[in-house]
**Student:** 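This structure is in structure tokens; I'll ask about it shortly.
Numbers here simply count residues along the sequence, with the first being 1.
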Amino acid sequence: MLTGGEVAALIAAVVWTVLVAFLCVTLVKLTRLLSETTKVVSEFGERTRPLLEDVASTVERTGASLDRVEEITANVATTTEDVSTMTALTRSVVTGPLVKMASFSYGVGRVLGQRRALALVRSRRRRERP
């Protein structure tokens, strides 16, 4: 039969064996996890390069489009200034003569109205003088 010390040593050896087996299983799983993680990171890196290239080309195209939009905006601003100038010029060219013509027609109408009134007054006076 086994003595107390031998039983304790046997129990300690079994416990250490179970612990070592558990640690081995854990290390194997950890190794697999690290291997899979390395593969995922490598695939991610391979997929990221084309995406970054696409983003870079998109940014370049956007910059070119913004340059064109800036040019269009400058042209619209120039056109707006030209239209404003033409409007002011047309207003000054057309408004001046129209005002003069309106004033002239008002004056002519007034003179004609006064002549009619004067002629009416003269004709009444002639009728009254028999």
**Student:** Measure the spacing between CG of Asp82 and OG1 of Thr87 and express it to the nearest 0.5 Å.
**Tutor:**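 Output value for this atom pair is 10.5 Å.
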**Student:** From Glu70 CD over to Asn75 CG, what is the distance, rounded to the nearest 0.5 angstrom?
**Tutor:**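 Taking CD in Glu70 and CG in Asn75, the distance rounds to 11.0 Å.
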**Student:** Rounded to the nearest 0.5 Å, what separation is found between the CD atom of Glu81 and the CE atom of Met86?
**Tutor:**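 Reported value, rounded in 0.5 Å steps: 14.5 Å.
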**Student:** What are the two closest heavy atoms between Ser92 and Pro97, and how far apart are they?
**Tutor:**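 Closest approach of Ser92 to Pro97: O-CD, 4.4 Å.
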**Student:** In terms of hydrophobic clustering (I, L, V, M, F, W, Y; side-chain heavy atoms under 4.5 Å; direct or indirect links), are Leu120 and Leu112 co-clustered?
**Tutor:**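 Different clusters: Leu120 never reaches Leu112 through Ile, Leu, Val, Met, Phe, Trp or Tyr contacts under 4.5 Å.
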**Student:** Working to the nearest 0.5 angstrom, can you tell me the gap between Leu19 CG and Thr26 OG1?
**Tutor:**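 Leu19 atom CG to Thr26 atom OG1 measures 9.5 Å (nearest 0.5 Å).
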**Student:** For Arg110, check side chain to side chain contact (heavy atoms under 4.5 Å, CB included) against everything at least two apart and list the hits.
**Tutor:**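 Listed in chain order: Tyr106, Gln114.
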**Student:** Could you measure the distance from the CD atom of Glu53 to the OG atom of Ser57? Nearest 0.5 Å is fine.
**Tutor:**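 Interatomic distance, Glu53 CD to Ser57 OG, rounded to 0.5 Å: 8.5 Å.
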**Student:** By the rule that ILVMFWY residues connect when side-chain heavy atoms come within less than 4.5 angstrom, directly or transitively, which residues belong alongside Leu66?
**Tutor:**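 Besides Leu66, the cluster holds no residue at all.
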**Student:** Is it the case that over 12 heavy atoms from other parts of the model lie below 6.0 angstrom from the CD atom of Glu6?
**Tutor:**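 Buried by this count: over 12 neighbours within 6.0 Å.
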**Student:** With a 4.5 Å cut-off on side-chain heavy atoms, are Thr31 and Ser35 touching?
**Tutor:**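 Counting from C-beta outward, Ser35 and Thr31 never come under 4.5 Å.
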**Student:** Verify the cluster assignment for Leu23 and Trp16: are they in a single hydrophobic cluster under the rule of side-chain heavy atoms below 4.5 Å apart?
**Tutor:**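 Linked, Leu23 and Trp16 end up in one cluster.
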**Student:** Leu51: which residues meet the side chain to side chain contact (heavy atoms under 4.5 Å, CB included) condition with it, sequence neighbours left out?
**Tutor:**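 Counting only residues at least two positions away or on another chain, Leu51 forms no side chain to side chain contact (heavy atoms under 4.5 Å, CB included).
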**Student:** Hey, does the side chain of Ser84 reach the backbone of Thr80 with a donor-acceptor pair shorter than 3.5 angstrom?
**Tutor:**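 The answer is no, because no donor-acceptor pair under 3.5 Å joins these two groups.
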**Student:** Could you note down all residue pairs passing salt bridge (Lys or Arg N to Asp or Glu O under 4.0 Å) where residues 11-37 supplies at least one of them, sequence neighbours left out?
**Tutor:**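 Residue pairs passing salt bridge (Lys or Arg N to Asp or Glu O under 4.0 Å), neighbours aside: Glu36-Lys39.
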**Student:** Does some side-chain heavy atom of Val121 sit less than 4.5 Å from a side-chain heavy atom of Arg125?
**Tutor:**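 Yes; the side chains approach each other to less than 4.5 Å.
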**Student:** List in chain and number order the residues that pass side-chain hydrogen bond (donor to acceptor under 3.5 Å, both in side chains) with Thr73, two or more places apart in sequence or in another chain; answer none if no residue qualifies.
**Tutor:**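 Residues passing side-chain hydrogen bond (donor to acceptor under 3.5 Å, both in side chains) with Thr73: none at all.
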**Student:** Thr48: what forms a side chain to side chain contact (heavy atoms under 4.5 Å, CB included) with it, not counting sequence neighbours?
**Tutor:**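 With sequence neighbours excluded, Thr48 shows a side chain to side chain contact (heavy atoms under 4.5 Å, CB included) to Phe44, Leu52, given in chain and number order.
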**Student:** Between atom CG of Leu27 and atom CG of Leu34, what is the distance when rounded to the nearest 0.5 Å?
**Tutor:**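 The distance works out to 10.5 Å.
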